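First the structure, in the form of structure tokens, and then the observations on it.
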Amino acid sequence: MARFIFITGGVVSSLGKGLMAASLAALLQARGYKVRIRKFDPYLNVDPGTMSPYQHGEVYVTDDGAETDLDLGHYERFTGVAARQSDNVTSGRVYRDIIERERRGDYLGATVQVIPHVTDAIKQFALADVDDLDFVLCEIGGTVGDIESLPFMEAIRQLRNELEPLQTLSVHVTLVPFIAAAGELKTKPTQHSVRELAALGIKPDLLLCRSEHPIPDSERNKIAQFCNVRAEAVIPALDAPSIYSVPLQYHEEGLDREVLRAFGISDAPDPDLSRWHDVTDRFFNPEGEVTIGVVGKYVGLQDAYKSLNEALIHGGLANKVRVNIRWLDAEMFEQGEEDLAAKLEPMHGILVPGGFGERGSEGKISSVRFARERGVPFFGICLGMQMACIEAARLAGHAAASSTEFGATEEPVVGIITEWMSEEGLQKREEGGDLGGTMRLGAYEAKLAGNSHVHSIYGSDSISERHRHRYEVNNAYREPMESTGLSFSGMSPDGLLPEIVERPEHPWFVGVQFHPELKSKPFDPHPLFADFIAAAVRQSRLV
Ligand code: GLN
């Protein structure tokens, strides 16, 4: 029987609920339990696919092609459990499905209402496909008291009544702020937040109290008393020196022990936390450091490149080095070569990440050229690979080489795809179709050339990686690009779509059409990132 843990947040947003859910799941997993984490997003977008990375951070893509909230990335990185489409739902999707059914007449004349129709749909989503699981953690986005989250709270309330008495748990994450002028921690916001939750019919079993200062027993007891929970169930959650310390830190504070106790489980195996000890040991005791320049567009907001940031750090863990990331605005490089060289010369590796739109593209292409000419390790991801191909085509004499994404061009080295094969069969798309959900999304296979660099990195003839793009490198320009020493070392199984390019004569030059960063884990760094950072370490010894 699957047990359900509902995680809500109070007081303020950005308390790190996602990380908390991921850490709790990792702790339960360390005790041998099978876990899955789900995210309920109260906003009205059907999925975050069309939301600006500035507003909502990165869009995380699953193997089954869903564009989801970046918290699913945390979940997957901390548990290794591949997230699925069915692990993220938004109010927008729930309402869309209900309205489609209403239009079809499926409700047989009934009045369609929030209760029961919306709440039933939310409950179904939580309960779907859980037979083989021990724990399902459901994180509710937003903060208690938000208008949008009310149907989700109501669905939780109902589920807590409908499931077995010891089958559900409510964990509420709050903030215990420190008021410097008074020199005191304040418990009142937590009290109010719990009252708000109680007014919706949900009594929390466990409080996770985020705080910048240790919470003394006196305050812990006070919270317990006013919020109607046991003092041991008030878990202090202090700021951590690294996200990788969070599972161990919460374990020290008794989080998993209290969760099991609240479920009445007394025979749980002891946790095996060796994986997390190894990760933190590598993270806190680096034997060197490298600096990687990431030349992108959304450099003002690191959440926009969340998985990339993590994957680079994982590459560092694999090599026992600290990775310093310099976020460089590609547009800056369009002003002059001198500026570009001054900014890129100190870098031990240059990475051009995924992105959309023309802005900064010339700066990205110049960065590719700099890396190629100077022999600096280069990693191009999705748009980054497309830029590497345009750079090669220009080198081969196609001076106008460009992508149709940036406007009409006579030399479409990168162009729109209108047809491709997926597991469901031939997919087709109109050139001017809707933006939402019209990309090549999710896991696709690629075949690797036997004697290539990437073949030795992956140690395999065939790989599966996640995609999220609308444009493809145009095979028609393959010959001129190859004439510059660019090798097409990974192709789609039908041989039509370039998936990986590399420069065998260069110390490390790889461009990939997919997003390897989405599958990297701290305890299992992605081989491309591990190898790229190893090359950066070699480069750091040269400069
Ligand atoms: N904008 C490019 C495309 O749609 C690249 C997308 C990406 O980098 N994720 O093909």
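Counting starts at 1 for both ligands and their atoms, in listed order. Position 1 is the first residue of the sequence; numbering continues from there. None of these values were measured; they are calculated from a predicted model.
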| Hey, are R359 and E331 close enough for a salt bridge, meaning a charged N less than 4.0 Å from a carboxylate O? | yes
| Close side-chain approach of F529 and F379, heavy atoms under 4.5 Å | yes
| field | Neighbour list for ligand 1 [protein residues, heavy atom under 4.0 Å] | value | G354, G355, F356, C382, L383, Q386, E405, R468, H469, R470, Y471, H515
| query | Ion pair present between E517 and R468, side-chain N to carboxylate O less than 4.0 angstrom? | reply | no
| said: Quick check on side-chain hydrogen bond (donor to acceptor under 3.5 Å, both in side chains): which of H526, H314, E76 does S520 satisfy it with? | reply: H314
| Among side-chain atoms of E310 and Y244, is any donor-acceptor pair under 3.5 angstrom? | yes
| Under the 3.5 angstrom rule, does the side chain of D69 hit a backbone N or O of D71 as a donor-acceptor pair? | yes
